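Residue numbers start from 1 in every chain, and the chains themselves are labelled A, B, ... in the order their sequence lines are given, proteins ahead of strands. The model shown is predicted, which means the values in this text are computed figures rather than measured ones. Only heavy atoms go into these numbers, but all of them, side chains included; no hydrogens, no water, no symmetry mates.
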There are 2 protein chains.
Amino acid sequence: MERNLESPDLRHIHITDKLFGEYVKKVSEVMIPHLWKILNDTLEDAEPTYCIRNFRIAAGEIEDERRGVVFQDTDLYKWLEMVAYAIAGGQGKEYEKLADEVIELISRAQEKDGYLNTYFTVNAPDRKWKNLAEGHELYTAGHMIEAAVAYYGATGKEKILRIAEKNADLICRRFGTGEDQMRGCPGHQEIELALVKLYRVTGKKEYFETAKYFIEERGKEPNYLAGEIAGRKGPEFFPELKNCDLAYYQADMPVKEQTEAVGHAVRVMYMCAAMADIAKECQDEELLAACMRIWESATKRRMYITGGIGSSGFRERFTTDFDLPNATNYSETCASVGLMMVGQRLAMATGDAAYYDVVEQALYNTVLAGINIRGDRYFYVNPLEVVPQFCTEHTYMDHVKCKRQKWYNVACCPPNLGRTLASLGQYIYAQGKDSIYINQFISSDMETQLQQGSIRVEMESELLQNGRVQIKAVTENGGKLKIRIPKYAEGWEVSDSSLKNCGQDAGGYLVLELPAGSAEFTLRFAISPHWICANPEVKEDNGKTALVRGPMVYCLEEIDNGRLLSQIYVDADAAVKEMPPMENLVGEVPTLTYQGLRVKNVVTDGSLYGRLAYETEKVTCKAIPYCMWNNRGEGEMLVWQKVKIL
Amino acid sequence: MERNLESPDLRHIHITDKLFGEYVKKVSEVMIPHLWKILNDTLEDAEPTYCIRNFRIAAGEIEDERRGVVFQDTDLYKWLEMVAYAIAGGQGKEYEKLADEVIELISRAQEKDGYLNTYFTVNAPDRKWKNLAEGHELYTAGHMIEAAVAYYGATGKEKILRIAEKNADLICRRFGTGEDQMRGCPGHQEIELALVKLYRVTGKKEYFETAKYFIEERGKEPNYLAGEIAGRKGPEFFPELKNCDLAYYQADMPVKEQTEAVGHAVRVMYMCAAMADIAKECQDEELLAACMRIWESATKRRMYITGGIGSSGFRERFTTDFDLPNATNYSETCASVGLMMVGQRLAMATGDAAYYDVVEQALYNTVLAGINIRGDRYFYVNPLEVVPQFCTEHTYMDHVKCKRQKWYNVACCPPNLGRTLASLGQYIYAQGKDSIYINQFISSDMETQLQQGSIRVEMESELLQNGRVQIKAVTENGGKLKIRIPKYAEGWEVSDSSLKNCGQDAGGYLVLELPAGSAEFTLRFAISPHWICANPEVKEDNGKTALVRGPMVYCLEEIDNGRLLSQIYVDADAAVKEMPPMENLVGEVPTLTYQGLRVKNVVTDGSLYGRLAYETEKVTCKAIPYCMWNNRGEGEMLVWQKVKIL
C-alpha cells in the first residue's frame with residue numbers, strides 16, 4: 001500500500017451531499033454569523049464571551065480588564081479558520097471582508113516581539129510562559145497558527161501568515177534544548193500539529209523542529225510539567241485541576257513509551273495528530289508505532305459505538321478498558337473531532353483504509369450530533385442514553401445537557417465542529433502520486449493534479465438511502481481511483497466492468513484503473529440495518545444491543561416511542577423495516593422500525609419496591625439516526641436497548 | 001396508637017444475637033482499640049489523624065500547629081460515645097479508665113468560657129463562629145454533647161456533662177434572636193439533636209430552646225448561610241464546596257416549608273432527627289409534618305433497596321426522585337445511620353411501626369455492610385454493583401472503594417457505625433406508659449420500669465434462620481407487649497393462645513396483654529426468599545430484580561459466581577433454595593441458590609463491537625447477604641440482576 005498520502009486543496013472540493021450538504025450550508029448561513037455575534041457579545045440571552053473586546057483591549061483601543069476563560073482567544077481563531085474553509089469551499093465569500101478586519105485587529109493585539117495572547121498581554125504580562133500546564137498559551141498560539149494556515153490557503157492573503165510566523169518564531173526561540181531556551185512543554189497539546197502545518201506552508205524547518213521538540217520533551221525526566229505544578233501552591237486558572245495527575249496531560253512518561261489512551265481525551269487526540277504528522281514527515285517508525293498503540297487503545301477498548309471517547313465526565317477523560325457507561329460519559333464533540341484528525345493522519349501516513357472506519361463512525365454520529373439541524377445549537381457532551389429529569393445540577397449528571405445549547409462558557413466545541421464541517425473535503429479525498437483515494441461516501445466533486453496530469457471526480461452518494469454511489473472521473477492521462485470498502489458493507493460491486501479492477505490493496509482500498517478521459521460507474525454497497533453487541537467486558541452493554549445501518553448508529557427517542565425507554569426489549573430476530581425519513585429531519589435518512597416488547601414492572605400504589613411482577617406489551621419501535629436526536633424537542637433518548645433473551 | 005414513646009435505658013439491654021452479637025462484640029474487642037490507635041496515630045500504614053495530639057496542643061501540652069480536617073475532634077467524641085454505649089451494654093468496662101483520661105484531656109482543651117474546638121482554639125482563634133457553613137464548629141460541639149450524654153448515661157459520672165454544659169451554655173448565649181446574639185445556624189446539622197439530648201438529661205430548657213432556634217432559623221430570610229458564604233471570596237476549608245447551592249445545606253427555604261430530601265444526605269437526616277425530637281417535645285404538628293414529608297421523599301422515592309440514601313457521589317447528596325444508579329452512588333454508611341435515627345424518632349413520636357421497616361432495611365443492609373466481620377475495615381460508600389477495575393482514580397468511580405478500608409481521612413463512618421452497634425438496644429425496644437414495644441427481632445434481653453411496675457423481656461430470635469422468635473416476658477403487675485409485624489412477613493402466628501391477643505393497633509403493632517408474672521411464647525413469621533422489582537420510574541432497575549429474604553437483601557459475588565456478573569439472568573420462576581450459611585461468614589444466615597442463565601456476547605477477536613450474537617449457559621447462582629460482601633477477597637458484586645423475560 002502507498003504511504004504518505006496528501007490532502008487535496010480544499011478550494012477544489014465542493015460538498016453537494018443530501019445530508020452533509022445541509023450541515024455545511026449551515027456553517028456559512030448560520031454558524032458563522034451566530035458565532036460572530038457571540039464573539040461580539042451581541043447574542044441575546046447568552047453570557048458575554050468578551051472575545052473581540054479582549055483583542056481590542058490588547059490592541060490598546062479600549063482600557064479595561066481582559067475577561068473570559070484564559071483561552072477565550074481561540075474562539076476567534078477557530079471562527080476565522082471556519083470562515084477560511086467556508087471561503088475555500090466557495091460558501092463564505094461574504095465574510096472575507098470581516099475576516100480581513102479581524103486579522104487587522106489580531107495584528108494590532110500582537111506585541112512587537114510576536115507575542116500574542118490577550119490574557120497575558122493585558123492581565124498578566126509578568127506571568128507569560130510561567131504556567132504552561134494551565135495557561136493554554138501554546139494551545140492558543142496553535143489555534144491562531146491553524147487559522148492563519150487555513151486563511152492563507154483559502155485566500156492566498158499573507159497578512160495572517162506573517163502574524164503566525166512572527167508568533168511561531170518567538171515560540172521557536174523561546175522553547176527548546178538550547179542553553180538560553182526554556183525546556184517546557186504545553187499542558188494542552190495543539191501547538192505541535194499547528195507548527196507542522198505552518199512548516200508545510202512556509203517550508204521553514206524550525207517550526208517542524210520545535211513541534212518535534214515539544215512531542216519529545218513531553219513526559220521526559222526531569223519532568224517539566226511536574227516541576228512547574230509543584231512550584232505553585234495550587235491551580236491558577238482551573239481550580240478543578242487541583243491534585244490532578246500527570247497522566248491527565250499525557251505527561252507521566254515520554255510520548256514514545258505511552259501505550260494507552262489516558263487522561264483528557266482531546267489532549268490525547270491533538271497529541272496523536274502531531275505524532276502522526278511528525279512520524280510521517282521524518283519516517284519515525286517508533287513514533288508512528290506509539291501513535292498507533294494509543295489509537296488502538298482509544299478505538300478498540302475505550303470508544304463508544306458512536307465514535308465518542310472520554311467515558312468519564314470527571315475531567316473529560318479516558319478511564320479503563322471497556323469502562324463505557326452510557327449516561328454519565330463525556331464523549332466531547334471536540335474529542336471526536338480529534339479522533340477524526342488522528343484517523344485521517346494515520347490513514348494518510350500508512351495507506352490503511354481501516355482508520356477511516358473510525359473517522360466515519362465519529363463523523364456520522366458524535367460529531368454530527370454536536371449540532372442541531374438548524375445550525376444554532378450545540379452539544380459539548382454526547383451521552384448514549386438520556387433521561388432528562390435525572391440530569392440535574394450538583395450531581396454526576398450535571399455535565400449532561402438534555403438539549404443543545406446556544407453557547408458554552410468553555411466554547412471549544414461549536415467552532416471546532418464548524419471548522420470540521422467546513423473542511424469536510426479533507427476527510428473525503430486523499431491523493432497519492434498517481435492515485436485519488438475516496439475515503440468517505442459523501443456527495444461532492446473535486447479536482448486535483450496527479451503526477452501524470454489532472455483529475456476531476458464527481459461523486460453522487462446515496463449510501464444512506466440505498467447504498468449506491470455514482471462516481472464520474474475525468475482524467476487527463478488516467479490514474480488510479482482507490483476506494484475504501486467500509487467495514488459495514490456486507491457486499492459491493494462496481495457496475496462498469498470495463499474499468500480495470502485490480503481488487504483490494506493491502507490497505508483495504510479497491511483499486512480501479514482509470515482511463516484517460518471520462519469514466520462513469522456505480523458502486524453498490526449492500527448495507528442493511530443490523531443489531532450490534534459489545535464485547536462482554538463492556539459491563540454496561542451486556543444484555544443490550546444497538547441498531548446500526550451503514551455508518552449510522554440509530555437511537556430511540558421519547559417523541560416516537562414514549563417515555564421509560566429502559567422498559568423496551570428488542571426482539572433481535574424480528575425484521576427491521578426501512579421506513580421514510582422522519583419529518584423535520586434532514587438528509588433523507590430512513591427511519592427504522594421493528595417489533596419490540598415493553599416490559600412494565602407492576603408495583604402497587606407507586607411504591608418504590610415490590611414483589612417482582614411485570615406486564616408485557618408488544619410495541620413498534622421507531623429509531624432515528626443518533627446524530628439527529630433532540631431536534632424535535634426534549635425527551636428521553638436511548639442507543640443501547642435491552643435484548644429479549646430467547 | 002400511643003404517641004411519644006421513650007427509649008429504655010441502654011444499661012439494661014443486652015444483645016445476645018447470633019448475627020448482631022458478633023458485630024456488637026467486635027465493637028469492644030476490635031473497634032474501640034483499633035480506633036484508639038488511629039486517634040493516637042499509632043496504627044501502622046494509616047495516615048495520621050492528629051486527633052489526640054490536637055487536643056494536647058489545645059490543652060497547651062504540646063506546641064505545634066493543629067492538623068487534620070477541621071472536624072477531626074469528632075472522631076474522639078464518637079469514640080467516647082461508642083465506649084459509653086459499650087460500657088452501658090456491659091462490654092466495655094476495661095475502657096472506662098481510658099475514657100476518664102480522655103475526658104480530663106478534653107477538659108484541659110476547653111477554654112475558660114466553655115469554647116471547645118481544637119482547630120479554632122489553636123489555629124484560628126480570631127475566626128471562631130465566622131464560618132458556620134464549613135467550619136463544623138456547631139457540628140463538632142454536637143458530637144461532644146452526644147458523647148457527654150452517653151457517657152453520663154452509662155457511668156453516672158458528671159465531669160463530661162459539666163464540660164458539655166459549659167460549652168452548650170456558651171452556644172446558647174451566643175446564638176439566638178436576642179440583640180446581643182448572633183443570628184447564625186450551622187452548615188452541618190448535629191448540634192440541634194445534641195442539645196435536645198442534653199436538655200433531656202439536664203432539664204435545662206435553654207438547650208431545647210436553642211435547638212429549636214437553630215431549626216427555625218435555618219433557611220429563613222435574611223438567609224444567614226447565604227450571607228456568610230457571599231461574604232467570603234471562596235471556600236475556606238472545603239474547596240469542593242465552591243459554588244455550592246444552599247439546598248446542599250437544606251438552607252434554601254425554612255425547614256417547615258421543605259417537602260423533599262435534598263442536598264447532603266447526612267445533613268438531611270441529622271436535621272430530621274432534631275425536627276422529630278423537637279416536634280415530639282412541643283407537640284408541633286407542623287414541624288412533625290415537615291419531617292414526615294422529607295422522610296417520605298427520602299424513603300419512598302430516593303432510597304436504595306439496601307436502605308442506602310444519597311444517590312450522587314458528587315457531594316454525597318440526594319438527587320431526584322427515582323434516580324438510583326447502582327454503581328456511582330454514594331449511600332454513605334453515616335447517611336443510613338441517620339436514616340435509622342430519624343425512623344426511630346418518628347416511630348416513637350407517632351407510634352407507627354412502619355418507620356421501623358426502613359430502620360431495619362438500613363440496619364441489616366447498608367449499615368452492617370459498613371464494617372467487615374473482623375471489625376477492622378470499613379466502607380464509607382455502599383454501591384449496589386461493583387466491578388473493581390472500573391473503580392479508578394480521577395473518574396466518577398473514584399469514591400467507590402472495592403474493599404473496606406482501614407481508615408478514612410474524613411472518618412465519620414467507622415465511629416458512627418460503632419456507636420450505632422454499641423447502642424443497638426435503642427432500636428430494638430421502646431416503651432410507652434404501660435407497654436413494651438419490640439421493634440426489631442434481634443436476640444437480647446431488657447429490663448425496665450412501666451407505670452404499673454417492672455418488666456423483663458428475653459428475646460431469642462431465629463428470624464434469619466427460620467422466622468421463629470421466642471419471647472419470655474416477666475412482669476410485676478402485667479402490661480402490654482406490642483410487637484411490630486414487619487412488612488416482609490408473609491404470615492405470622494403466636495404460639496401461646498393463653499395470652500390475650502388484641503390484634504394489631506393502628507400503628508401496626510400486634511398487641512398482647514401480659515399477665516403478672518411470667519409468660520413465654522413463640523412468634524412465627526413466615527418468611528421466604530423472593531424477588532423484588534423497582535418502581536418503573538427507576539430507570540436503572542428496569543429489567544432487573546433483587547433477591548431478598550426477610551430484612552436481608554442478597555447479592556452475588558465473583559468468588560461464588562465468577563466474573564462478569566452483568567451476564568447473569570435470573571429465571572424468576574425457578575425455586576430459590578435455602579442452603580447452609582457460607583463458610584467464613586457470621587450469623588448463620590442461609591446462602592440462597594437458584595438457577596440462572598449466563599448470556600455471553602460473542603464478538604470475534606476481542607473486538608469492541610460486533611454483530612449481535614450470544615451464547616447461553618445454565619448456571620447455579622449463589623447469593624449471600626449484601627451486608628457481608630467483600631469479606632472473602634476483592635471481586636465483582638451485584639445486587640440488581642437481570643430478569644429473563646418470558
S.K.: If you take all heavy atoms of A/Val381 and A/His399, which pair is closest and at what distance?
M.R.: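 Closest approach of A/Val381 to A/His399: CG2-O, 3.5 Å.
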
S.K.: Hey, are A/Arg317 and A/Asp245 close enough for a salt bridge, meaning a charged N less than 4.0 Å from a carboxylate O?
M.R.: yes

S.K.: Side chains of B/Thr319 and B/Ser312: any donor to acceptor distance under 3.5 Å?
M.R.: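 Looking only at side-chain atoms, B/Thr319 and B/Ser312 do not form any donor-acceptor pair under 3.5 Å.
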
S.K.: Side chain, backbone, both or neither: which part of B/Pro536 has a non-hydrogen atom closer than 4.5 Å to chain A?
M.R.: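 Both the backbone and the side chain of B/Pro536 come within 4.5 Å of chain A.
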
S.K.: Any salt bridge linking A/Arg301 with A/Glu260? Criterion: basic side-chain nitrogen under 4.0 Å from a carboxylate oxygen.
M.R.: yes

S.K.: So, B/Glu490 and A/Arg611, do they make that salt bridge, N to O below 4.0 Å?
M.R.: yes

S.K.: Please determine, among A/Met397, A/Glu393, A/Arg563, A/Lys242, the option with the most heavy-atom pairs under 4.5 Å with chain B.
M.R.: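 Maximum pair count with chain B is reached by A/Arg563.
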
S.K.: Where on B/Ser566 is there a heavy atom nearer than 4.5 Å to chain A: the side chain, the backbone, both, or neither?
M.R.: both

S.K.: Can you name the nearest heavy-atom pair linking A/Ile532 to A/Thr545, along with the distance?
M.R.: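 For A/Ile532 versus A/Thr545, the nearest heavy atoms are O-OG1, 2.7 Å.
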
S.K.: Strictly by modelled atom types, are B/Tyr248 and B/Arg267 linked by a side-chain donor-acceptor pair under 3.5 Å?
M.R.: yes

S.K.: Go through the atoms of B/Thr395 and report whether side chain, backbone, both or neither lie under 4.5 Å from a heavy atom of chain A.
M.R.: both

S.K.: Could you look at A/Val548 and say if it's the side chain, the backbone, both or neither that has a heavy atom under 4.5 Å from chain B?
M.R.: neither

S.K.: Counting heavy-atom pairs under 4.5 Å to chain B, which of A/Tyr614, A/Tyr609, A/Tyr569, A/Tyr396 comes out on top?
M.R.: A/Tyr396

S.K.: Taking side chain as everything from C-beta outward and backbone as N, CA, C, O, which of these in B/Phe322 sits under 4.5 Å from a heavy atom of chain A? Side chain, backbone, both or neither.
M.R.: both

S.K.: Please classify the contact between B/Ala327 and chain A as side chain, backbone, both or neither, with a heavy-atom cut-off of under 4.5 Å.
M.R.: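 It is the side chain, since no backbone atom gets that close.
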
S.K.: So for B/Asp398, is it side chain, backbone, both, or neither that comes closer than 4.5 Å to the heavy atoms of chain A?
M.R.: neither

S.K.: Heavy-atom distances under 4.5 Å only: say whether B/Lys600 touches chain A with side chain, backbone, both or neither.
M.R.: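 Neither part; nothing is under 4.5 Å.
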
S.K.: Measure B/Thr299 against the heavy atoms of chain A and call it side chain, backbone, both or neither at under 4.5 Å.
M.R.: backbone

S.K.: Looking at A/Glu385 and B/Lys539, does any basic side-chain N land under 4.0 Å from a carboxylate oxygen?
M.R.: yes

S.K.: Measure B/Arg302 against the heavy atoms of chain A and call it side chain, backbone, both or neither at under 4.5 Å.
M.R.: backbone

S.K.: What part of B/Ser607 is in contact with chain A, defined as an atom under 4.5 angstrom from a non-hydrogen atom: side chain, backbone, both or neither?
M.R.: backbone

